Amino acid sequence: MMKLALDLNTDYGAFLLRARGEFALDGITALFGPSGAGKSTVLNAIAGFRPGIGTVEVNNAVWQNTTDFVPPHRRSIGMVFQSGRLFAHMSVAGNLRYAERRAQDDGQRISRKMVIDALGIGPLLSQSAGTLSGGEVQRVAIARALMTKPKLMLMDEPLAALDRKAKADLLGLIASLPELFDIPVLFVSHQLEEITQIASGLIAMRDGHIIDHGPLEKMLETLDPMVTGRFEAGALIVGEAGRFDTEYAMQAIELGAGRLWLPMRTQMPVGTAVRVRLRARDVSIALQPIQGLSIRNQIPAQIINIESEEGSFAEVVLRCDGQTLRARTTRKSVAELSLQPGMEVIALVKSVAFDRRLQ
């Protein structure tokens with residue numbers, strides 16, 4: 001586990017960066033927040049591209065402060081940008097050789113063969129980098145970063161320019177990096193769909209400040225809607241894959257006390273751990289199970305809290321078999337249904353609410 005300590009303080013015109021905290025980086029940690037929150041600035045400071053804006057310490061070693069500065073090439077990091085930034089005039093193999101020459105000796109922890117095999121880029125080695133598709137560019141960019149044999153991978157929205165299929169392919173690959181190469185990843189994104197599939201921890205930013213951090217599941221339960229936006233607020237549900245309905249292409253996710261049916265293209269092996277993000281706006285509440293309704297997901301739950309807002313809306317916090325759901329509804333509905341903490345209710349979730357998951 002890597003320890004990261006930040007104390008960053010600078011002004012860019014009207015934007016004030018005040019990012020402080022100590023973090024344990026293990027597996028994949030997401031640095032999340034709305035556009036303009038300061039995520040890329042923080043990542044660039046860790047990489048060594050923003051000298052003079054404060055302190056960065058990794059495993060108690062000072063990378064920069066008011067008196068000391070370790071240049072980027074000596075920080076043992078691999079950086080993957082949104083655009084890939086390959087050398088277009090070189091072949092894929094040439095890009096890898098360039099990175100390999102900059103690598104610090106780490107024994108055999110990361111070898112050329114490991115990287116090529118893991119990234120599946122063997123058929124691309126002789127191809128010019130300028131002829132690659134968007135997904136191939138990012139795949140090679142990750143490989144090139146790994147060839148420097150880093151101790152930490154930094155990824156700045158590496159999927160932003162890709163289509164859905166390319167994103168899905170690369171997400172699975174990125175998720176495997178910590179285990180395959182024994183390396184933590186700090187992954188910048190403002191897309192919760194990406195983060196919920198691969199991250200184990202989350203650092204939340206807003207308006208230049210790090211406002212909270214912790215395990216992903218807990219963070220998504222309590223994260224300030226000012227960070228996610230009310231439209232995207234929700235919770236993360238963890239279950240196991242159950243049976244697959246081949247006729248209707250629906251996958252059962254067992255939650256213990258309840259079951260979700262998700263539209264899926266292919267069957268998951270029974271028992272596979274599954275994480276699903278449910279947006280509060282996709283969850284409704286009924287006082288009892290409803291017959292003759294197209295909504296198939298009807299989950300027993302208990303009301304834990306009701307968070308009323310100014311204006312028309314409220315969020316009802318629900319507990320289902322030890323997990324938290326959130327339902328966004330109107331204050332009028334809360335009053336007409338006489339909803340109160342402690343009540344046993346039914347959470348209704350449309351199957352189409354899962355369509356935006358990257359599958």
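Everything numeric here is computed off the predicted structure, so don't read it as measured data.
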Handout entry: Passing candidate, side chain to side chain donor-acceptor pair (under 3.5 Å) with Arg18, options Thr10, Asp207, Asp7, Asp11
Key =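 Of Thr10, Asp207, Asp7, Asp11, side chain to side chain donor-acceptor pair (under 3.5 Å) with Arg18 is met by Asp11 alone.
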Handout entry: Criterion side chain to side chain donor-acceptor pair (under 3.5 Å) against Glu157, the qualifying member of Lys39, His190, Gln191
Key =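 So the option named by the test is His190.
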Problem - Qualifying salt bridge (charged side-chain N to carboxylate O under 4.0 Å, His left out) pairs, either residue in residues 77-102, two or more places apart - result: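 Every salt bridge (charged side-chain N to carboxylate O under 4.0 Å, His left out) pair that includes a residue of residues 77-102, provided the two are not neighbours, is Glu100-Arg112.
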Main-chain N/O of [Y] paired with [X] side-chain donor or acceptor, under 3.5 Å:
X	Y	answer
Arg259	Gly256	no
Thr272	Ala241	no
Gln251	Gly242	yes
Ser200	Asp26	yes
Arg326	Ala280	no
Arg139	Leu119	yes
Gln138	Pro158	yes

[X], [atom1] atom: more than 12 neighbouring heavy atoms under 6.0 Å:
X	atom1	value
Arg20	CZ	yes
Tyr98	OH	no
Gln302	CD	yes
Glu344	CD	yes

Spatial distance of atom [atom1] ([X]) from atom [atom2] ([Y]) [nearest 0.5 Å]:
X	Y	atom1	atom2	answer
Arg277	Ile237	CZ	CD1	11.5 Å
Met155	Met79	CE	CE	10.5 Å
Ile53	Leu17	CD1	CG	5.5 Å
Met250	Ile253	CE	CD1	10.0 Å
Asn297	Leu278	CG	CG	8.5 Å
Asp245	Leu262	CG	CG	13.0 Å

What pair of heavy atoms forms the shortest contact from [X] to [Y], and how long is it?
X	Y	result
Ala145	Pro150	O-CD, 3.4 Å
Ala204	Met219	CB-CE, 4.0 Å
Leu255	Gly239	CD2-CA, 4.0 Å
Ser128	Ala88	OG-O, 3.3 Å
Asn60	Glu57	CA-OE1, 4.3 Å
Ile290	Ala286	CD1-CB, 3.7 Å

Practice task
For Ser333 and Thr330, run side-chain hydrogen bond (donor to acceptor under 3.5 Å, both in side chains): C-alpha distance rounded to whole Å, both residues' side-chain angles, the deciding distance at 0.1 Å, then the answer.
Solution key: CA-CA 5 Å; Ser333 293; Thr330 62; 2.9 Å; yes
Count I, L, V, M, F, W, Y as connected when their side-chain heavy atoms are under 4.5 Å apart, and connections chain through other members. Are [X] and [Y] then in the same cluster?
X	Y	answer
Ile304	Ile346	no
Phe81	Leu152	yes
Met2	Val42	yes
Val276	Phe244	yes
Leu86	Leu146	yes

Practice task
Start with the C-alpha distance between Phe49 and Leu43, add both sets of side-chain angles, then the distance that settles side chain to side chain contact (heavy atoms under 4.5 Å, CB included), and finish with yes or no.
Solution key: CA-CA 9 Å; Phe49 303 148; Leu43 208 71; over 6 Å; no
Side chains of [X] and [Y], heavy atoms from C-beta outward: is any pair under 4.5 Å?
X	Y	value
Ile299	Val283	no
Val137	Ser83	no
Leu220	Phe32	no
Ile195	Ile28	no
Glu22	Lys3	no
Leu325	Val349	no
Ile121	Glu136	no
Ile295	Lys350	yes

Practice task
Evaluate the criterion side chain to side chain contact (heavy atoms under 4.5 Å, CB included) for residue pair Met147 and Leu96; output intermediate values, then yes/no.
Solution key: CA-CA 7 Å; Met147 288 304 300; Leu96 298 187; 4.0 Å; yes
Practice task
Would you sort out whether Asn9 and Thr55 count as a side chain to side chain contact (heavy atoms under 4.5 Å, CB included), showing the intermediate values?
Solution key: CA-CA 9 Å; Asn9 187 331; Thr55 299; over 6 Å; no
Exercise for the section: Give the intermediate values and the outcome of side chain to side chain contact (heavy atoms under 4.5 Å, CB included) for residues Val58 and Lys151. Expected result: CA-CA 10 Å; Val58 173; Lys151 300 297 192 299; over 6 Å; no
Exercise for the section: May I ask you to check whether Arg319 and Thr324 show a side-chain donor-acceptor distance below 3.5 Å? Expected result: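 Side chains of Arg319 and Thr324: pair found under 3.5 Å.
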Problem - Cation-pi, Phe69 ring and Arg75 (6.0 angstrom, 45 degrees) - result: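 Yes; both conditions hold, so Arg75 lies above the ring face of Phe69.
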Practice task
Assess Arg144 against Phe87: is NZ or CZ under 6.0 Å from the centre of the six-membered ring, and within 45 degrees of the ring's axis?
Solution key: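 Yes.
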Mind listing the side-chain donor-acceptor pairs of residues 168-188 below 3.5 Å, one per line with the distance, residues two or more places apart or on another chain?
from, atom 1, to, atom 2, distance (Å)
Asp169, OD2, Lys165, NZ, 3.1
Ser176, OG, Leu173, O, 2.6

